[in-house]
Amino acid sequence: MSEQKRTPSVLEWAGGPQALERLTTAFYDHVLKDPLLAPVFAGMDSEHPQHVALWLAEVFGGPDAPRHYTEERGGHPHMARQHLGRGITEEQRRRWVALLLDAADEVGLPTDPEFRAVFVYYIEWGSRMALVYSGENPPPIDAADVPRWSWNQTPPWIPSS
Ligand code: HEM
């Protein structure tokens, strides 16, 4: 009887925490040069790329992965608060998503349809949530956990032999 292969977490598939740090480092380099986004990030913490990589690692790490962002950075409430009052526009959100996807190509994240689908699924949701929190009537900031995103409908394709 053939042994069933374990499905890697999205984080493992992406290349681990280091791959996400490469992604956010390249991404914020571009953000800071972008006319639409640079003003939004003018006061950005110099470690912001690492913090966002830590957040993404928790989102994509799978149910049993360490919760580093929650333990070290204050979890969902801290992240949500960081967007309050920023008045992010839909045009800025779209640019933010576009630059992140460009950066994913630039640093060589996997390009298989299954990985990119789950990645975009989270980024689309998360960026719209950031916009909602940044607006005039943000939802209350509750003690929700950092969301865990998994393969859902599109587990990675792994050859059987
Ligand atoms: C999936 C989408 C997003 C994720 C996962 C995300 C993640 C985060 C996280 C984790 C922080 C807090 C970092 C920390 O201090 O621990 C943060 C802060 C921030 N985010 Fe977002 N964000 C998203 C979308 C956006 C968008 C669309 C914008 C604006 C166009 C934005 C603007 C900011 C700004 C300006 C800060 C404060 C940065 C600083 O001063 O250090 N975010 N974000």
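Order of listing sets the numbers, starting from 1, for every ligand and every atom in it.
With salt bridges taken as basic N to acidic carboxylate O contacts below 4.0 Å, one links Glu12 and Arg6. Salt bridge annotation for Arg116-Asp105: present, with a cationic side-chain nitrogen under 4.0 angstrom from a carboxylate oxygen. Between Glu91 and Arg94 no salt bridge is recorded (no basic side-chain N to carboxylate O distance below 4.0 Å).
Using bins of under 30°, 30° to 60° and over 60° for the plane-to-plane angle, the ring pair Phe41/His48 lands in the tilted bin.
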Need the list: ligand 1 N/O atoms against protein N/O atoms, distance under 3.5 Å, rounded to one decimal.
residue: ligand 1; atom: 15 (O); partner: Arg73; partner atom: NH2; Å: 2.8
residue: ligand 1; atom: 15 (O); partner: His78; partner atom: NE2; Å: 3.2
residue: ligand 1; atom: 16 (O); partner: Tyr69; partner atom: OH; Å: 2.6
residue: ligand 1; atom: 16 (O); partner: Arg73; partner atom: NE; Å: 2.9
residue: ligand 1; atom: 16 (O); partner: Arg73; partner atom: NH2; Å: 3.3
residue: ligand 1; atom: 20 (N); partner: His83; partner atom: NE2; Å: 2.8
residue: ligand 1; atom: 22 (N); partner: His83; partner atom: NE2; Å: 3.1
residue: ligand 1; atom: 41 (O); partner: Asp45; partner atom: N; Å: 3.1
residue: ligand 1; atom: 42 (N); partner: His83; partner atom: NE2; Å: 2.9
residue: ligand 1; atom: 43 (N); partner: His83; partner atom: NE2; Å: 3.0

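Side-chain atoms of Trp96 do not come within 3.5 Å of backbone N or O of Val31 as any donor-acceptor pair.
Nearest heavy-atom pair, Ser9 versus Gly61, reported as atom, atom and distance to 0.1 Å: CB-O, 3.6 Å.
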